[in-house]
2 protein chains.
Amino acid sequence: MKLSTLSRKQEIYRTAAKLFKEKGYSAVTMRDLAAAVGIKAASLYNHITSKQQILSEIILDIATQFTQGIDAIASQETDTITKLKAVISQHITLTADNPYGMAALNNDWMHLEGKLDRYLDLRNRYEKKFRGIILEGKESGELKEVNTEILVYSILTTLRNLYLWIPKKAELKKDELIEGLCVTLLQGVER
Amino acid sequence: MKLSTLSRKQEIYRTAAKLFKEKGYSAVTMRDLAAAVGIKAASLYNHITSKQQILSEIILDIATQFTQGIDAIASQETDTITKLKAVISQHITLTADNPYGMAALNNDWMHLEGKLDRYLDLRNRYEKKFRGIILEGKESGELKEVNTEILVYSILTTLRNLYLWIPKKAELKKDELIEGLCVTLLQGVER
DNA sequence: CTACAAAACTAACGATTGTTAGTTAGATTT
DNA sequence: AAATCTAACTAACAATCGTTAGTTTTGTAG
């Protein structure tokens with residue numbers, strides 16, 4: 001019973017994330033979600049407590065993973081390029097694991113209401129750590145003297161939007177993807 | 001009267017785009033929009049015909065500009081790097097002109113309903129032209145032999161999401177931004 | 001000053017929203 | 001067999017949605 005409850009609950013979360021990606025949080029009704037799961041809307045409430053909570057759970061779960069991951073990477077004692085490759089690799093791994101959740105995180109975070117501050121904290125912490133890695137690399141001479149903000153924006157945007165693209169290119173092996181993205185983002189494309 | 005009607009209408013469109021960026025199309029009610037403009041919801045309909053039409057107008061206007069722009073760039077008789085710089089420059093210019101509209105285009109296109117096919121046509125045409133420029137550059141040896149799809153994804157994603165970032169960094173002069181992005185995207189950051 | 005049109009208003013409509021209450025079928029435990 | 005529990009159901013709620021109808025205010029041209 002505990003097992004079946006849990007799997008039903010997780011089925012609801014997964015289905016919700018998928019619908020949120022397709023239409024956005026606000027456009028998905030509890031009746032949409034229920035139909036996709038194969039039950040009536042009221043029955044959802046035997047497993048979840050509110051629409052809000054579904055969104056919060058999806059987003060904060062992923063955001064926490066990212067923040068913990070970059071904390072670990074930033075505190076490693078290696079060169080900047082290695083750290084950047086680890087960041088890229090983490091993004092690819094977590095996105096491949098949960099592309100629908102990543103979509104919700106990117107597009108629906110502003111509907112978090114009660115958990116909004118918590119999310120923004122995690123997001124700021126992540127960005128600060130990432131910027132720290134970049135600054136370190138510029139000081140050590142490993143990175144070019146490009147405008148820091150442009151660089152941070154450019155890399156983070158590419159990584160944050162991987163969810164739009166990874167599911168469609170499943171044939172690309174993860175290792176090739178990591179390698180290809182590292183070359184493109186770090187070494188550029190101009191010969 | 002024609003003048004005041006037009007400016008009121010355009011005020012509604014601009015305000016709508018701004019609200020769409022903040023909360024997404026579905027979460028913005030006609031009462032929200034009316035309040036932001038300073039009138040009652042019913043009064044909006046003296047100027048516009050439906051919520052749908054506001055979204056369609058905002059998105060298709062920008063999408064058309066982008067497609068026309070890349071058609072012109074692709075048919076130029078210059079090297080690939082020059083064309084790519086022109087594409088980057090166009091993105092920066094159009095985004096700076098209308099960052100809220102760019103947000104709607106990126107996040108709310110799936111709510112276009114009747115005009116969805118038209119939008120997808122424009123989008124596909126744009127992507128094909130862009131991919132064509134990339135392939136040309138690889139054939140001529142101007143670009144490295146990186147996976148084409150990774151490259152197309154990486155550059156287009158960065159450019160499409162400039163709206164998230166340009167308004168906050170207004171102090172950056174446009175020329176610096178173009179130069180900085182070209183270096184970052186084309187030549188990479190690794191020394 | 002009058003006439004007319006543009007643009008605001010109030011009121012309300014039918015539909016849909018998230019959610020609650022109360023009930024029931026079926027499985028598990030005692 | 002009786003009791004309990006889980007997870008589904010139907011029905012309905014108050015609120016809010018986009019939009020329409022009808023009316024009043026406002027500004028301008030003759």
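Heavy atoms only: backbone and side chains are in, while hydrogens, waters and symmetry mates are out. Computed from a prediction, not measured in an experiment: that's the story for all the values here. Reminder, nothing fancy here: chain letters follow the sequence lines and each chain counts from 1.
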Quick check for you: among [options], whose closest atom lies nearest to any side-chain atom of [X]?
X       : options               : answer
B:Arg31 : D:dC17, C:dC9, D:dA8  : D:dC17
B:Met30 : C:dA8, D:dT19, C:dG18 : D:dT19
A:Ala42 : D:dA11, C:dT17, C:dC9 : D:dA11
A:Lys51 : C:dT19, C:dC9, D:dG18 : C:dT19
A:Tyr45 : D:dT10, C:dC9, C:dT20 : C:dT20
B:Ile39 : C:dC9, D:dT19, C:dT19 : C:dC9

Could you state the atom-to-atom distance from [atom1] of [X] to [atom2] of [N] in whole Å?
X        : N      : atom1 : atom2 : value
B:Gln53  : D:dT19 : CD    : P     : 10 Å
B:Lys40  : D:dG18 : NZ    : C1'   : 17 Å
A:Lys9   : D:dA8  : NZ    : P     : 14 Å
B:Ile48  : C:dA6  : CD1   : P     : 17 Å
B:Lys23  : D:dT16 : NZ    : C1'   : 12 Å
B:Leu44  : C:dT10 : CG    : C1'   : 15 Å
A:Glu113 : C:dG18 : CD    : P     : 12 Å
A:Gln52  : C:dT19 : CD    : P     : 8 Å

- Task: Please name all residues satisfying side chain to side chain contact (heavy atoms under 4.5 Å, CB included) with A:Thr80, sequence neighbours left out, ordered by chain then number.
- Result: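 Applying side chain to side chain contact (heavy atoms under 4.5 Å, CB included) to A:Thr80 gives A:Leu84, A:Ile133, A:Glu136, A:Ser140, A:Glu142, A:Leu143.
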- Using a heavy-atom cut-off of under 4.0 Å over every strand shown, decide if B:Val37 touches base, sugar-phosphate, or nothing.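 Answer is nothing: B:Val37 stays at 4.0 Å or more from every strand.
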- Message: Mind checking if B:Thr29 touches a base, just sugar-phosphate, or nothing, with heavy atoms under 4.0 Å?
- Response: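 Contact class for B:Thr29: sugar-phosphate only.
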- dist B:Leu116:CG -> B:Asp121:CG (nearest 0.5 Å) comes out at 9.5 Å
Compare side-chain N and O positions of [X] against OP1 and OP2 of [N] and report whether any pair is under 4.0 Å apart.
X       : N     : result
B:Ser43 : C:dA7 : no
A:Arg8  : D:dT6 : no
B:His47 : C:dA8 : yes

- Task: Give a yes-or-no answer on whether the side chains of A:Thr158 and B:Thr158 include a donor-acceptor pair shorter than 3.5 Å.
- Result: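 Indeed, the side chains of A:Thr158 and B:Thr158 share at least one donor-acceptor pair under 3.5 Å.
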- Query: Thinking salt bridges, do B:Glu22 and B:Lys18 make one under a 4.0 Å N-O criterion?
  - Reply: no
- Task: Give a yes or no on whether a donor-acceptor pair under 3.5 Å exists between the nucleobase atoms of C:dA6, that is its base, and the side chain of B:Asn46.
- Result: no
- Task: Report the C-alpha separation of A:Tyr163 and A:Asn107 in whole Å, then their side-chain angles, then the decisive distance to 0.1 Å, and conclude whether the side chain to side chain donor-acceptor pair (under 3.5 Å) test is met.
- Result: CA-CA 11 Å; A:Tyr163 74 92; A:Asn107 302 321; 3.2 Å; yes
